[in-house]
Protein chains: 2
Amino acid sequence: MKYSKATDYALHTMLFLTAATPQKPIGVQQLAERQSVSPTYLSKILTKLVKAGMIESITGVNGGYRLKRNWEDISFLDIIHAIEGSASLFDCSFDHGPGCPIQKVVLSAEEKMEELLRNQKMSDLVREHNIVI
Amino acid sequence: MKYSKATDYALHTMLFLTAATPQKPIGVQQLAERQSVSPTYLSKILTKLVKAGMIESITGVNGGYRLKRNWEDISFLDIIHAIEGSASLFDCSFDHGPGCPIQKVVLSAEEKMEELLRNQKMSDLVREHNIVI
DNA sequence: TCTATTAGGGACTTCACAGGTCTATAATAG
DNA sequence: CTATTATAGACCTGTGAAGTCCCTAATAGA
Ligand code: SF4
Ligand code: SF4
């Protein structure tokens with residue numbers, strides 16, 4: 001029961017991009033170095049974020065990744081779901097109806113967690129903590 | 001990011017034991033059949049619950065597993081921690097001090113979830129839902 | 001138009017661990 | 001003593017995370 005390394009990398013990258021907010025795209029090379037991870041692997045992760053519509057990529061010389069217009073609304077949960085998927089923590093193979101007490105408890109606990117992650121926007125975090133690159 | 005099958009089995013077993021609350025211990029054979037899992041495997045899981053002090057085991061003829069005295073206070077979180085361990089969802093290898101904003105957010109989200117799981121006692125669940133074996 | 005630079009994608013490897021099986025041992029009721 | 005029960009250790013297997021390698025596509029700048 002852990003978040004994957006990929007989620008770790010995605011969160012850090014988004015934090016960096018949000019704190020930087022340049023018009024100029026930032027290359028995966030540079031992003032990978034900061035996190036001591038291989039560029040090829042990080043690029044696979046960032047492609048997921050692109051497909052989720054959070055960032056955009058520009059190929060070619062001076063290309064890289066850049067936030068999209070709605071960047072101020074991106075939450076932790078958005079990023080986590082983009083990488084981990086949005087399946088439930090608890091998947092029993094059976095379905096004993098909506099009355100199942102075990103599922104009800106675990107899923108409502110999960111919802112509590114997601115609620116906080118959904119309300120925490122990356123942009124607010126940067127503003128509150130005055131993060132400078 | 002999922003709870004393991006083992007946690008699933010542990011929760012179901014505890015639900016069953018709590019709903020039954022007999023003085024007579026219940027054998028792993030019977031518990032395993034209800035969940036369509038091998039007795040040997042389930043016994044490994046139940047041994048963890050024994051070591052965590054939630055249930056006790058009686059060897060020999062007519063032996064099995066039985067709740068301990070404090071059974072009314074056992075929470076979902078107790079069971080989950082006994083099986084999954086209590087490590088954090090998010091473990092970055094570095095430690096950039098207590099000010100790290102990413103950790104702060106994720107860990108407080110996790111705490112929200114654990115709070116609910118800690119307050120939900122198995123015995124209350126059985127009482128509220130009127131579960132009968 | 002050519003070339004260097006960038007992202008994207010597919011195929012592949014490696015490793016850890018969940019999920020289980022098998023077998024032997026220890027305890028105990030009858 | 002014996003049948004029945006839990007405990008423990010060694011072992012197996014499949015899956016998925018984490019990462020590498022290499023080829024392709026796009027594009028800015030010379
Ligand atoms: S009781 Fe609930 S959690 Fe258990 S198998 Fe049925 S539906 Fe799933
Ligand atoms: S910024 Fe926080 S989460 Fe990231 S490596 Fe540092 S301590 Fe860990």
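Every heavy atom of this structure was used, including side-chain atoms; hydrogens, water molecules and symmetry mates were not. We name chains A, B, ... by the order of the sequence lines, and we start the count at 1 in each one.
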Exercise for review: State which residues pass side-chain contact (heavy atoms from CB on, under 4.5 Å) with B/R118; sequence neighbours excluded, sorted by chain then number.
Suggested key: B/L77, B/E111, B/E114, B/E115
Review point. Would you say a side-chain N or O of A/T47 is under 4.0 Å from OP1 or OP2 of C/dA7?
Key: no
Review point. Backbone N or O of A/P39 within a donor-acceptor pair of the A/Q29 side chain at under 3.5 Å?
Key: no
Study note, to complete from the structure: B/N119 meets the side chain to side chain donor-acceptor pair (under 3.5 Å) criterion, sequence neighbours left out, with none
Check your understanding: Counting any heavy atom closer than 4.0 Å, what does B/K51 reach on the DNA or RNA strands: base, sugar-phosphate only, or nothing?
Key -> sugar-phosphate
Per-pair distances, 0.1 Å, donor-acceptor, side chain in residues 46-55 of chain A, under 3.5 Å, sequence neighbours excluded:
from: A/T47; atom 1: OG1; to: A/S43; atom 2: O; distance (Å): 2.7

Check your understanding: Does any non-hydrogen side-chain atom of B/F90 lie less than 4.5 Å from one of B/I102?
Key -> yes
Revision key, fill the gap. When rounded to the nearest 0.5 Å, the distance separating CG of B/L117 from NZ of A/K112 is 12.0 Å
**Study point:** Inter- and intrachain pairs under salt bridge (charged side-chain N to carboxylate O under 4.0 Å, His left out), touching residues 68-83 of chain B, at least two apart
**Key:** B/E56-B/R69, B/D73-B/K121
**Study point:** Distance, rounded to the nearest Å, where A/Q29 contributes CD and C/dT5 contributes P
**Key:** 11 Å
Check your understanding: When the distance from CG of A/L31 to C1' of C/dT6 is rounded to whole Å, what number comes out?
Key -> 13 Å
**Study point:** Residues A/R127 and A/D124 bridged, charged N to O under 4.0 Å
**Key:** yes
Practice item. Report, as a single string ordered 5' to 3', how protein heavy atoms within less than 4.0 Å touch nucleotides 22-30 of chain C: B base, S sugar-phosphate only, - not at all. Key: BB---BBBS
Review point. Who passes side chain to side chain donor-acceptor pair (under 3.5 Å) against B/D91, sequence neighbours left out?
Key: none
**Study point:** Boundaries of the chain A footprint along DNA chain D (any atom under 4.0 Å from a heavy atom)
**Key:** D/dA18 to D/dG29
Review point. Roughly how far, to the nearest 0.5 Å, is the CG atom of B/L15 from the NE2 atom of B/H129?
Key: 10.0 Å
Review point. A/I55 has an atom CD1; how far is it from atom P of C/dA7, in whole Å?
Key: 10 Å
Point to revise | Set of side chain to side chain donor-acceptor pair (under 3.5 Å) partners for A/Q120, sequence neighbours left out | key: none
**Study point:** Difference in axis direction between the ends of the helix from C/dT1-D/dA30 to C/dG30-D/dC1, five pairs, 10°
**Key:** 10°
Check your understanding: For DNA chain C, which residues in residues 75-87 of chain A have a heavy atom at a distance below 4.0 Å?
Key -> none
Exercise for review: Starting at atom NZ of A/K48, determine the distance to atom C1' of C/dA7, rounded to an integer number of angstrom.
Suggested key: 17 Å
Check your understanding: Given side chains that start at C-beta, do those of A/M122 and A/S75 come closer than 4.5 Å, heavy atoms only?
Key -> no
Exercise for review: Tell me which of A/K5 and B/Y65 sits closer to the 5' end of DNA chain D, going by the nucleotide each one is nearest to.
Suggested key: B/Y65
Exercise for review: Give one of base, sugar-phosphate or nothing for B/S4, where a contact means two heavy atoms less than 4.0 Å apart.
Suggested key: sugar-phosphate
Check your understanding: Which residues satisfy the side-chain contact (heavy atoms from CB on, under 4.5 Å) test with B/E33, sequence neighbours excluded?
Key -> none
**Study point:** d(CD, A/Q30; C1', C/dT5) in whole Å
**Key:** 15 Å
Exercise for review: Report yes if at least one side-chain N or O of B/Y9 is closer than 4.0 Å to OP1 or OP2 of C/dG20; otherwise report no.
Suggested key: yes
Exercise for review: Rounded off to whole Å, could you give me the CD1-to-P distance for the B/I45 and C/dT21 pair?
Suggested key: 11 Å
Point to revise | By side chain to side chain donor-acceptor pair (under 3.5 Å) - contacts of A/Q35 (at least two apart) | key: A/T13
Check your understanding: Expressed in angstrom and rounded to an integer, what is the separation of A/L49 atom CG from C/dG8 atom C1'?
Key -> 14 Å
